[in-house]
Number of protein chains: 2
Amino acid sequence: MTVRAETSTPAREIWELLLELSMSRIRQRLLHTVTDLGLSFPQAHALKVLRPGHPIAMRELADGLHCDPSNITGIVDRMEARGLVERVADRADRRVKKLMLTRAGREHRARLLERMAEPPVQIRSLSVADQRALCAILRRVSGVRER
Amino acid sequence: MTVRAETSTPAREIWELLLELSMSRIRQRLLHTVTDLGLSFPQAHALKVLRPGHPIAMRELADGLHCDPSNITGIVDRMEARGLVERVADRADRRVKKLMLTRAGREHRARLLERMAEPPVQIRSLSVADQRALCAILRRVSGVRER
DNA sequence: TATTGTTATACTCTATAACTATA
DNA sequence: TATAGTTATAGAGTATAACAATA
């Protein structure tokens with residue numbers, strides 16, 4: 001009723017299936033989408049975080065990408081060199097540089113999000129009943145906070 | 001019945017939830033597990049592929065890691081320097097080097113797999129009914145047939 | 001004093017091309 | 001000729017530490 005009940009639960013198999021899905025199939029699909037647009041993962045992530053009309057500081061982008069601020073310099077350098085983004089001095093605090101999408105950046109972002117949003121065939125080919133059930137359960141999974 | 005039915009399907013929301021789960025939460029968790037053991041992602045992947053008692057050639061490891069063979073030299077160099085793996089000349093074909101786990105490598109691998117297999121709280125705290133349903137659907141997604 | 005962004009440095013992963021030693 | 005593994009090279013991401021400008 002304690003240990004046996006724990007081990008007879010399908011949690012481990014679920015986790016195994018999710019890991020395999022995440023780390024190979026989903027990742028491969030995403031990598032293809034991203035490199036197709038000439039982006040790296042961090043660049044694509046940055047493009048997703050940088051919403052049109054909502055410029056953010058370098059520091060905020062570092063937080064969004066969960067990496068050290070020193071990395072952001074290089075990542076933004078390369079995106080700026082490709083004309084996707086611009087550094088703009090902040091008049092309120094002259095230490096800060098705000099990041100703004102260029103027109104090309106906004107277009108690239110739109111294409112990226114559009115392609116990323118397209119669900120793969122494995123999901124589309126589930127029955128509607130399965131889809132509804134899966135969606136409801138995943139919402140519950142996402143609602144549980146860490147730790 | 002065609003376009004409206006398509007768009008009213010929860011496939012897009014499922015995909016959105018799965019992406020967010022895969023690319024942030026699952027990845028963060030895995031990164032933590034792996035770096036805790038002093039490994040990088042490719043090293044951990046290699047450790048998983050290298051089964052005890054089943055030595056494989058460098059080339060086979062490259063295939064397993066889906067990367068160019070030239071990378072494997074460096075990855076194995078670092079694992080060998082840490083005493084996790086050994087290069088052994090193949091007597092049948094002297095071009096080939098077989099990779100064998102050391103004792104420390106086998107122990108490291110066991111710890112890694114053990115920790116990776118532990119499902120996170122988000123899954124464990126689902127109801128048993130949800131777990132069974134989710135497991136069944138994920139099997140279908142993965143193409144694994146019912147047992 | 002603290003913070004923002006940058007630089008310097010070092011390490012790992014990634015790929016391509018050229019090389020060696022075998023086959 | 002072809003293959004297995006390596007080396008050389010280059011580029012990108014990652015972190016830490018130190019720095020200048022600004023708050």
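All figures in this text were calculated on a predicted structure; none of them were measured in a lab. Letters go in sequence order (proteins before strands), and every chain restarts at 1.
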**Asked** What's the spacing between K97(B) NZ and L61(B) CG if we round to 0.5 Å?
**Response** 14.0 Å

**Prompt:** What is the distance, rounded to the nearest whole Å, between atom CZ of R95(A) and atom P of dT22(D)?
**Reply:** 10 Å

**Message:** Using the side-chain heavy atoms of S40(A), tell me which of these nucleotides is nearest: dA12(D), dT22(D), dA23(C).
**Reply:** dA12(D)

**Prompt:** Side-chain donor-acceptor pair under 3.5 Å between R29(A) and H32(A), yes or no?
**Reply:** no

**Atom pair distance, as rounded to whole Å: CZ in F41(B) and C1' in dT14(D)** = 13 Å

**Request:** Establish, with yes or no, whether the OP1 or OP2 oxygen of dT6(D) is under 4.0 angstrom from a side-chain nitrogen or oxygen of K97(B).
**Result:** yes

**Asked** To the nearest 0.5 Å, what is the distance between CG (L30(A)) and CZ (R25(A))?
**Response** 15.0 Å

**Prompt:** Linking I/L/V/M/F/W/Y whenever their side-chain heavy atoms sit closer than 4.5 Å, directly or via other members, would L112(A) and I75(A) fall into one cluster?
**Reply:** yes

**Message:** Run the side-chain hydrogen bond (donor to acceptor under 3.5 Å, both in side chains) test on S24(B) and E20(B) for me, step by step, so that the C-alpha distance in whole Å, both residues' side-chain angles and the decisive distance to 0.1 Å come before the verdict.
**Reply:** CA-CA 6 Å; S24(B) 51; E20(B) 135 72 19; 3.2 Å; yes

**Prompt:** On DNA chain D, nearest-nucleotide positions of P42(A) versus D93(B): which is more 5'?
**Reply:** D93(B)

**Message:** In this structure, how many angstroms lie between the P atom of dT22(D) and the CE atom of M58(A), rounded?
**Reply:** 17 Å

**Complete:** d(I56(A) CD1, D90(A) CG) to nearest 0.5 Å is 12.5 Å

**Any R59(A) side-chain N or O less than 4.0 Å from OP1/OP2 of dA2(C)** = no

**Prompt:** Which atoms form the tightest heavy-atom contact between L50(B) and L101(B), and what is the distance?
**Reply:** O-CD1, 2.9 Å

**Request:** Confirm from the modelled atom types if R94(A) and dT22(D) form a donor-acceptor pair under 3.5 Å, side chain to base only.
**Result:** no

**Request:** May I have the distance from D90(A) (atom CG) to dT3(C) (atom P), rounded to whole angstrom?
**Result:** 17 Å

**Message:** Output the rounded distance in Å from NE2 (H45(A)) to P (dT14(D)).
**Reply:** 10 Å

**Asked** Of the residues in residues 61-84 of chain A, which ones touch DNA chain D at a heavy-atom distance under 4.0 Å?
**Response** C67(A), D68(A), S70(A), N71(A), I75(A), R78(A)

**Prompt:** So, is Q43(A) near the phosphate of dG13(D), with a side-chain N or O under 4.0 Å from OP1 or OP2?
**Reply:** yes

**Interatomic distance, L39(A) CG vs dA12(D) C1' [rounded to whole Å]** = 13 Å

